[in-house]
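Proteins get letters first, then strands, A, B, ... in listed order; numbering begins at 1 in each. Here the structure is a predicted model, which means the values were calculated and not measured.
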2 protein chains.
Amino acid sequence: MTPVILIIEDEPAIADTIQYALETDGFETQILSLGRPVLERLAENRCDLIILDIGLPDINGMELCKLIRAQYTLPIIFLTARADEVDRVVGLEIGADDYVVKPFSPRELSARVRAVLRRTMGPAGHPAGASGFIIDTARHRITYCGRILDLSKYEFNLLETFIRRPGQVFSRDHLMALAWEDPCCSMDRTVDAHIKNIRAKLKAVSPDTDPIITHRGVGYSLKEDL
Amino acid sequence: MTPVILIIEDEPAIADTIQYALETDGFETQILSLGRPVLERLAENRCDLIILDIGLPDINGMELCKLIRAQYTLPIIFLTARADEVDRVVGLEIGADDYVVKPFSPRELSARVRAVLRRTMGPAGHPAGASGFIIDTARHRITYCGRILDLSKYEFNLLETFIRRPGQVFSRDHLMALAWEDPCCSMDRTVDAHIKNIRAKLKAVSPDTDPIITHRGVGYSLKEDL
DNA sequence: CTTTTTTTTCATGAATTTTTCATTTTTGTT
DNA sequence: AACAAAAATGAAAAATTCATGAAAAAAAAG
């Protein structure tokens, strides 16, 4: 399940920049330009992390943070123009998980979002596209270390299920169930054969690393970014 | 239990500043001026968080981070003079929980330590389950005293059944039934052999305690927390 | 219908895990 | 203290499990 990030920021230019960076990295995003409607929004839909501008026109960011924290435990990253040490400490003290000062790099912000979510949601916090993989769902393509992979149908399905949950160990049965449409019951090392082919293609891109881990007697998993 | 913070920093002035700030805020601290001895140190004593300078004289911080993360799940905060955006992104990508650029405010660093620990350890204390064990079902992984165990299939199954019911005494037959898929009727000290292997691996992590209790003539159980 | 690609199956050898077994150590009881 | 039963231990044997290469079988493309 792709993490949903709520961006609370009144300057459209900044909000858009953040949104673009996060979506490029595989997150789902939503923008709110005012602080007051946030609680309603949280009550209605799922949200995994909030990026909160402190200088909102309608309500003080610190106050809003307190209000949110009174009801929710979800992580909050403060965004602000105030670089004062005191502000930063107070911000973190008050319960923020991170504190980013403007002007900031969108890529760094996205990386910080991922760092916080890694702790909060565990393996589920990864957006599609970890371990050097990026899934382009629309084009049905997978990129590995910047290189487009030429994959057959089941190779794609298999690799996709791995990428969507990096680190999770899948049994062969489980993989069959996830990557094959009909419950193809026969399983005489079929998965193994495909894994072998995938590995060969990944090796062609990056010869010294094998991101697929074999768990003897259990199944396979994809290496998480370390 | 006071959290223990390991500071890995080669400049004494900076290390002392950090130490002072953290101890003022109630943390226990320890300073290491080199990177290589870190793994030994981790094997010996408890540590809840690492502050890691990237520019160490003996080993690259990123490499060290990977080495630590291969065995431990504890949070790491990077400390560095490099303000480059690329470095920051890579640092967070690689598994750091936060990334602080020099020069920095000691009070802010301490606040960030608290923010990370709040997520990692909960409001107070360790996240550990029974007797220091944590089961990560998705990753098919068991952590013992913060250390990732390398277990074979049946070692994993066996230890898992113990952890799920701490204190309960299981007969060998019962363990066979629970941890083996087919009712493997053979029972010639098979369980004993696996228990032996598990104990050896636990001993490698914590030499002075054996959390597995033998009940003569009956079976085995896992020590409960007090 | 033929050719090509993909998927599945199979056999082999190597590596690891599991099991067995003989021996030593521990434990509880007389 | 001595004894017997049970468990720990170390090492060898047996059994799995997996990677690999290659050959069928099936599906897709031309």
Side-chain angles (χ1 to χ4, degrees), chain A residues 140-142 149-162 169-204 207-223, chain B residues 140-142 149-162 169-204 207-223:
Chain A
H140 206 257
R141 276 198 317 211
I142 295 178
L149 297 173
D150 179 27
L151 300 168
S152 75
K153 179 180 168 187
Y154 291 110
E155 286 166 10
F156 182 92
N157 290 352
L158 226 36
L159 192 50
E160 188 189 18
T161 65
F162 280 124
V169 177
F170 297 91
S171 71
R172 293 175 173 72
D173 286 347
H174 197 175
L175 288 172
M176 271 280 178
L178 289 175
W180 273 255
E181 51 270 355
D182 56 18
C184 172
C185 44
S186 66
M187 48 158 295
D188 229 283
R189 317 231 74 77
T190 300
V191 172
D192 298 41
H194 287 284
I195 294 282
K196 180 192 64 179
N197 295 334
I198 294 172
R199 276 179 168 149
K201 290 179 181 180
L202 298 182
K203 198 172 182 178
D208 302 323
T209 45
D210 179 8
I212 298 176
I213 302 170
T214 304
H215 299 258
R216 203 158 246 268
V218 184
Y220 297 97
S221 76
L222 190 68
K223 208 181 279 177
Chain B
H140 207 260
R141 202 161 76 171
I142 295 179
L149 297 173
D150 179 27
L151 301 168
S152 77
K153 182 180 169 185
Y154 290 110
E155 286 166 11
F156 181 92
N157 290 352
L158 225 36
L159 192 49
E160 189 188 17
T161 66
F162 280 123
V169 179
F170 298 90
S171 71
R172 293 175 173 71
D173 285 348
H174 197 178
L175 287 172
M176 272 281 178
L178 289 175
W180 273 254
E181 50 266 358
D182 55 15
C184 173
C185 44
S186 66
M187 45 164 292
D188 228 284
R189 318 230 72 79
T190 300
V191 172
D192 298 41
H194 287 285
I195 293 283
K196 178 193 64 179
N197 295 334
I198 294 172
R199 276 179 168 149
K201 290 179 181 181
L202 298 183
K203 197 172 182 179
D208 303 323
T209 44
D210 179 8
I212 299 177
I213 302 168
T214 305
H215 299 260
R216 188 158 251 265
V218 185
Y220 298 96
S221 76
L222 190 68
K223 209 180 278 177

- Query: Do side-chain atoms of B:K201 reach the backbone of B:D150 as a donor and acceptor pair under 3.5 angstrom?
  - Reply: yes
- Item | Distance-only donor-acceptor test (3.5 Å): side chain A:R189, base C:dT9 | no
- Between C:dT8, D:dG10, D:dA8, spot the one nearest the side chain of B:D192, thanks. D:dA8
- Message: For C:dT7 and A:S152 - does any side-chain N or O of the residue sit under 4.0 Å from the phosphate oxygens OP1/OP2?
- Response: yes
- Message: Can you say whether a donor on the side chain of B:R216 sits under 3.5 Å from an acceptor on the base of D:dA6, or the other way round?
- Response: yes
- Going by atom types only, do A:R199 and A:T214 share a side-chain donor-acceptor pair under 3.5 Å? yes
- Test item: A:F156 and A:L149 side chains (from C-beta on) under 4.5 Å apart, heavy atoms: no
- Query: Between the side chain of B:K223 and the main-chain N/O of B:I213, is any donor-acceptor distance below 3.5 Å?
  - Reply: no
- Query: If you look at every strand shown and take non-hydrogen atoms under 4.0 Å, does A:Y220 touch a base, only sugar-phosphate, or nothing?
  - Reply: sugar-phosphate
- Query: Which nucleotide sits closest to the side chain of A:R172: D:dA22, D:dC18, D:dA7?
  - Reply: D:dC18
- Note on the structure: Per atom distances to the A:K153 side chain, the nearest of D:dT9, C:dT19, C:dT7 is C:dT7
- Any B:W180 side-chain nitrogen or oxygen under 4.0 Å from OP1 or OP2 of C:dT19: yes
